[in-house]
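Here the structure comes first, spelled out in structure tokens, and everything after it is commentary.
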Amino acid sequence: MGRPTTGARSLTMRSVPGNYEEFRAAARRRLPVPVFHYADGGADDERSMSRNAAAFARLTFAPRALTDVSTISLGRSLLGRGAAMPLMLAPTGMSRLFHRDKEPGAARAAAAAGIPYGLSTLATTALEDVAAACHGPRYFQIYVFKDRELTRELVARCRASRYDALCLTIDTPMAGNRERDRRTGMTLPPRFGLNGFASVLFRPAWARDLIADRDFRLANVAHRVAGSTGAMELLGYVNRQFDRSVTWDDAAWLAREWGGPFVIKGVGSVADAVRAKAIGASAIMISNHGGRQLDDVAAPIELVSACREAVGNEVELIVDGGVRRGSDVVKALCLGADACSVGRAYVYALAAAGEAGVARLLTILHDDIVRTMTLLGCADVRKLDRSFLQTLRCDV
């Protein structure tokens with residue numbers, strides 16, 4: 001598949017974003033203050049969040065001139081399916097917060113770009129509806145809940161809807177300390193105080209979306225709460241289902257229950273990468289949850305080389321966190337990753353312009369990767385290795 005299209009609906013913004021920071025600025029202009037900072041913020045002092053991007057900047061390329069780069073090949077296999085480039089959309093909860101196109105819009109943009117889309121258990125669209133809207137590669141993010149029958153039910157529904165892979169998140173025994181949310185008064189679902197309500201009045205596009213669709217319910221579990229008509233009841237139900245006693249034995253049980261490509265998301269150490277491989281993971285998402293859980297942990301890119309050495313080549317490694325440009329994707333592959341995933345970046349794009357915004361972001365990242373590969377002197381992403389990096393400094 002070639003260059004992604006810009007989406008079914010054209011962008012109507014006065015200034016079309018051309019990079020991560022411009023999408024972030026556009027999202028900030030469109031979203032109410034509490035909602036923007038919910039997407040934008042991290043845990044505690046947000047050092048992990050900052051470190052994720054800064055770690056990429058410490059890597060420098062070693063380009064090779066006078067090589068044939070007339071054709072650049074980006075395709076590879078990911079999660080048992082072909083992908084047009086080494087990128088995927090990470091699972092993010094409650095996409096309806098950001099735009100009424102919500103999960104189906106992001107999924108359609110990913111499908112058009114030929115890359116996997118990750119749907120969160122905490123989505124505001126049912127997994128069956130996303131499957132109907134998105135015929136591209138897709139995977140479902142799941143938890144091992146206290147009620148194992150709920151977990152089994154989600155697995156069965158994913159199988160029936162032909163999801164390609166299951167992705168277990170392991171770094172959320174409890175929520176991180178997100179102080180920005182406390183300062184801005186953010187709640188889930190959003191309930192605005194005086195300051196928040198004032199910010200809605202100055203965000204007419206978001207307010208129009210709210211009038212058109214006020215449903216923030218968690219669609220994949222709504223049927224579990226009898227008579228539920230609101231998101232608050234469902235969030236309370238899900239929060240009570242999180243199980244701090246979950247162990248690697250439970251992860252192994254889930255891998256067997258699913259029986260297909262199985263991703264462990266939230267690996268933050270080499271030791272856990274080894275454990276993930278041992279229980280049957282076919283892919284490992286090296287992630288610190290975008291710096292939203294435990295602060296002062298390693299950036300995912302800093303762990304790639306050691307994880308690859310520890311798990312060998314049989315397990316796919318996906319870098320989740322800190323990706324701002326296509327050149328970051330290339331750096332990750334040089335260190336031994338198979339792909340990167342983006343979460344916050346596509347949330348900004350979705351907030352800025354819905355499905356068309358996500359499509360635009362993916363086109364930019366695709367072109368970034370092609371440009372970087374061309375200037376680097378490597379015609380195939382499968383041939384990237386450590387020799388294309390000149391300097392690696394892991395300053396603490």
Side-chain angles (χ1 to χ4, degrees), residues 1 4-11 13 17 20 23-24 26-27 30-31 35-36 38-40 78-79 81 83-85 87-142 158 161 163-165 167 169 205-206 209 212-213 215-220 263 265 285 287 290 318 320-321 323 339-366:
M1 184 174 293
T5 62
T6 55
R9 288 181 292 179
S10 61
L11 291 166
M13 306 171 65
Y20 175 94
F23 275 110
R24 179 177 179 270
R30 190 179 182 279
L31 294 175
V35 177
F36 170 77
Y38 172 72
D40 194 63
L78 288 175
L79 309 184
R81 290 277 300 272
M85 57 179 163
L87 190 69
M88 61 180 64
L89 296 191
T92 60
M94 296 190 74
S95 292
R96 174 61 195 87
L97 283 172
F98 309 110
H99 198 279
R100 64 178 175 177
D101 284 356
K102 50 187 181 179
E103 292 86 4
R108 286 190 294 265
I115 66 170
Y117 170 75
L119 181 68
S120 170
T121 291
L122 305 184
T124 46
T125 307
L127 66 91
E128 292 85 358
D129 293 337
V130 170
C134 164
H135 299 292
R138 57 187 179 268
Y139 63 101
F140 185 79
Q141 176 272 331
I142 197 169
C158 287
S161 294
Y163 277 73
D164 299 297
C167 174
T169 294
W206 193 89
D209 275 4
D213 179 4
D215 189 359
F216 293 92
R217 289 178 300 168
L218 303 180
N220 288 309
V263 188
K265 179 181 182 289
M285 199 173 285
S287 175
I318 301 155
D320 176 61
V323 174
C340 290
S341 66
V342 292
R344 199 177 263 115
Y346 98 75
V347 164
Y348 293 147
L350 183 69
E355 178 182 343
V358 181
R360 167 71 177 163
L361 171 72
L362 295 178
T363 296
I364 290 167
L365 290 172
H366 173 274

Tell me, with the steps shown, if His99 and Arg30 meet side-chain contact (heavy atoms from CB on, under 4.5 Å).
CA-CA 10 Å; His99 198 279; Arg30 190 179 182 279; 3.6 Å; yes
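- Using a 30° and 60° split on the angle between ring planes, Phe36 and Tyr348 fall in the parallel class, below 30°.
- Two residues are said to be in side-chain contact when any heavy atoms from C-beta on lie closer than 4.5 Å; Val347 and Leu97 fail this criterion.
- At distances below 3.5 Å, not a single donor-acceptor pair connects side-chain atoms of Gln141 with backbone N or O atoms of Cys167.
- Side-chain atoms of Thr169 do not come within 3.5 Å of backbone N or O of Lys265 as any donor-acceptor pair.
- Arg360 contributes no side-chain N or O that, together with a main-chain N or O of Ala349, makes up a donor-acceptor pair within less than 3.5 Å.
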Check against side-chain contact (heavy atoms from CB on, under 4.5 Å), Asp101 and Val358
CA-CA 10 Å; Asp101 284 356; Val358 181; over 6 Å; no
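- Side-chain atoms of Glu128 and Ser161 form no donor-acceptor pair, as typed in the model, at a separation below 3.5 Å.
- Across Ile364 and Pro17, no two heavy atoms sit closer than the pair CD1-O, 3.6 Å.
- Nearest heavy-atom pair, Ala345 versus Val342, reported as atom, atom and distance to 0.1 Å: CB-CB, 4.2 Å.
- Closest approach of Leu78 to Met88, counting heavy atoms only: CD1-CE, 4.0 Å.
- Residues Thr124 and Met94 come closest through the heavy atom pair CG2-CA, 3.8 Å.
- Salt bridge status for Lys102 with Asp215: absent, with no side-chain N to carboxylate O gap under 4.0 Å.
- No donor-acceptor pair under 3.5 Å is formed between the side chain of Arg138 and the backbone N or O of Asp164.
- In this structure, Ile115 CD1 and Ser341 OG are separated by 10.0 Å, a value rounded to the nearest 0.5 Å.
- Of all heavy-atom pairs spanning Ala111 and Gly136, the tightest one is CB-N, 3.7 Å.
- For Arg96, the side-chain hydrogen bond (donor to acceptor under 3.5 Å, both in side chains) partners are Asp213, not counting sequence neighbours.
- No side-chain donor-acceptor contact under 3.5 Å links Arg108 to the backbone of Glu355.
- From Ser120, atom OG reaches atom CG of Leu127 across 11.0 Å, with rounding to the nearest 0.5 Å.
- At distances below 3.5 Å, not a single donor-acceptor pair connects side-chain atoms of Tyr163 with backbone N or O atoms of Leu119.
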Evaluation steps, side-chain contact (heavy atoms from CB on, under 4.5 Å), between Thr92 and Tyr346:
CA-CA 9 Å; Thr92 60; Tyr346 98 75; 2.8 Å; yes
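- A distance of 6.0 Å separates CG of Leu87 from CG of Leu365, quoted to the nearest 0.5 Å.
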Under the side-chain contact (heavy atoms from CB on, under 4.5 Å) rule, what do Thr121 and Phe140 come out as? Steps first, then yes or no, please.
CA-CA 7 Å; Thr121 291; Phe140 185 79; 3.4 Å; yes
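- Residues Ala113 and Leu362 approach most closely at CB-CD1, 3.8 Å, considering heavy atoms.
- Within the model, atoms OH of Tyr117 and CG of Leu89 stand 7.5 Å from one another, a figure rounded to the nearest 0.5 Å.
- We find the CG-CD distance between Leu350 and Glu103 to be 8.5 Å, quoted to the nearest 0.5 Å.
- Not counting sequence neighbours, Phe98 has no partner by the ring-ring contact (aromatic ring centres under 6.0 Å, His included) test.
- Using a 4.5 Å heavy-atom cutoff, the side chains of Tyr139 and Cys158 are not in contact.
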